[in-house]
Amino acid sequence: MLTSNRMNKLHPYVPGEQPKDRDYIKLNANENPYPPSKKVKKAAVSFIKKNIEKLGLYPDPDSHELHAAIADMLNKTGGVLCRAKTTGNITVPSEQDKIPFTVTPDMIYTGNGSDEVLSFVFYAFFDSGTKFVMPQYTYSFYPVYAGFYDIPMDTIALNEDWSLNTKEMLDHAKANNGGIIFANPNAPTGLGLTREQVRQMLLNANPDRIFIVDEAYVDFGGESCIPLLAEFKNLVIVRTFSKSLCGAGQRLGYIVANPELVNIVTTVKNSVNHFPLDAVAQVTGKTACMDIPYYVETSRKVAYERDKFYNFLSENGFYVIKSQTNFLFARKDGISGEDLYKKTKEQGILIRHFNTPGIEDFVRISIGTSEQMEKLKNAFKTILKEI
Ligand SMILES: *Cc1c(COP(=O)(O)O)cnc(C)c1O
């Protein structure tokens with residue numbers, strides 16, 4: 001056989017479909033419906049026009065300017081965009097989100113999307129000899145990395161109300177002397193733990209084992225755990241530009257952690273690819289972090305449309321989980337998740353259905369613009385009439 005044993009055991013992640021055959025309204029991959037800010041567009045155009053020769057040189061391997069811009073954005077917003085207060089060029093975090101220390105650039109590591117960042121974090125901190133633990137339903141890339149690096153793991157069932165069973169996860173981590181990972185707010189449920197709930201977990205967890213919180217969706221209304229970095233040296237927070245920073249095509253993800261952990265992940269990076277971020281991504285990423293008011297506004301709009309669509313679904317007999325993210329997870333008696341997905345697709349709108357046992361009745365709906373959500377409402381009304 002041509003392939004390695006390692007290769008034969010791979011089970012790759014399947015992302016939301018990106019069809020080219022028809023112009024669908026895409027509400028299936030939790031992308032942001034709004035474009036990057038005008039300043040980002042300008043920065044990209046100006047780079048191409050004025051600095052194109054820089055594409056002939058290697059970019060900054062450690063993205064220093066971008067790291068400084070990310071740290072600055074986190075200090076100004078408290079790490080939750082939709083609640084930050086902006087007046088002109090001044091941005092301050094809401095009371096709830098204030099970080100009791102200054103996030104410094106050496107606390108930031110960036111990579112080619114948080115997917116790549118996560119894979120390096122897995123490599124660096126989870127051991128092949130020790131089981132780590134994660135929720136039964138969470139970001140489905142985690143088990144893919146576990147398979148890729150041959151790291152053993154277990155999953156813990158969610159509570160009845162779809163919230164995370166923090167006690168069982170902790171008990172498992174302690175019994176196995178292993179690490180923990182979950183998304184907060186979680187996907188695909190949309191529910192989050194409060195910072196205090198996570199703090200209580202950390203207080204009871206083994207300080208010598210890694211504790212990873214994936215905050216991909218936190219900007220839409222969760223509570224960030226960045227303030228906890230002052231207290232816990234084993235905490236790694238993973239974040240992305242793909243959702244709230246309207247930049248899925250930029251491929252930018254990052255971690256916020258204490259500098260020792262950032263250095264460790266940098267060592268992994270330098271053992272795989274010295275330059276995961278191209279020069280244009282570094283410039284546009286930095287510019288995005290400097291245009292906070294735009295992203296505060298778009299995150300708020302998404303959160304507003306989400307709550308409106310939540311009401312629509314509840315009023316129309318759906319069971320829908322209250323979400324702190326840019327998506328809703330819902331099911332309807334009388335129609336399977338797969339049928340709802342298919343019939344919605346026939347109407348030109350893509351939503352996500354998972355064939356995963358236990359959640360196969362649900363669909364996951366990414367929140368689009370107000371016009372897109374109106375169209376989805378109409379599509380659902382038509383479909384509901386037929387069942
Ligand atoms: C979207 C998502 C990611 C991946 O983000 P990229 O930066 O686009 O790779 C990571 N974690 C969770 C929970 C996500 O939903």
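Both counts, for ligands and for their atoms, begin at 1 and track the order of listing. Numbers for residues simply follow the sequence, beginning at 1.
- Because its NZ or CZ atom is not both nearer than 6.0 Å to the ring centre of Tyr294 and within 45° of the ring axis, Lys39 does not count as a cation-pi partner of that residue.
- Distances from atom 12 (C) of ligand 1 to the heavy atoms of Asn186, Leu118, Asp214, Thr240 show the closest one on Asp214.
- Two residues are said to be in side-chain contact when any heavy atoms from C-beta on lie closer than 4.5 Å; Val236 and Phe211 fail this criterion.
- In summary, the atoms of ligand 1 found under 4.0 Å from a heavy atom of Ser242, numbered by their order in the structure, are 6 (P), 7 (O), 8 (O).
- Annotation: side chain of Phe101 is in contact with side chain of Ile226 (closest heavy-atom distance under 4.5 Å).
- Ligand 1 has an N or O atom lying under 3.5 Å from an N or O atom of Asp115, backbone or side chain.
- Side-chain contact between Val40 and Asp291 is absent, with no heavy atoms from C-beta onward closer than 4.5 Å.
- The atoms of ligand 1 that sit less than 4.0 Å from any heavy atom of Lys243 are 1 (C), 2 (C), 3 (C), 14 (C), 15 (O).
- Set against the non-hydrogen atoms of Arg251, the atoms of ligand 1 under 4.0 Å away are 6 (P), 8 (O), 9 (O).
- For ligand 1, the atoms sitting less than 4.0 Å from at least one non-hydrogen atom of Gly113 are 7 (O), 9 (O), numbered in the order shown with element in parentheses.
- Taking 4.0 Å as the cut-off, Tyr217 counts as a neighbour of ligand 1 on heavy-atom distance.
- The atoms of ligand 1 that sit less than 4.0 Å from any heavy atom of Ser114 are 3 (C), 4 (C), 5 (O), 6 (P), 7 (O), 9 (O), 10 (C).
- At a threshold of 4.0 Å, the pair Arg199-Glu196 counts as salt-bridged, since one of the basic side-chain nitrogens sits closer than that to a carboxylate oxygen.
- Hydrophobic clustering of Ile, Leu, Val, Met, Phe, Trp and Tyr side chains at less than 4.5 Å, counting indirect connections, keeps Ile212 apart from Val198.
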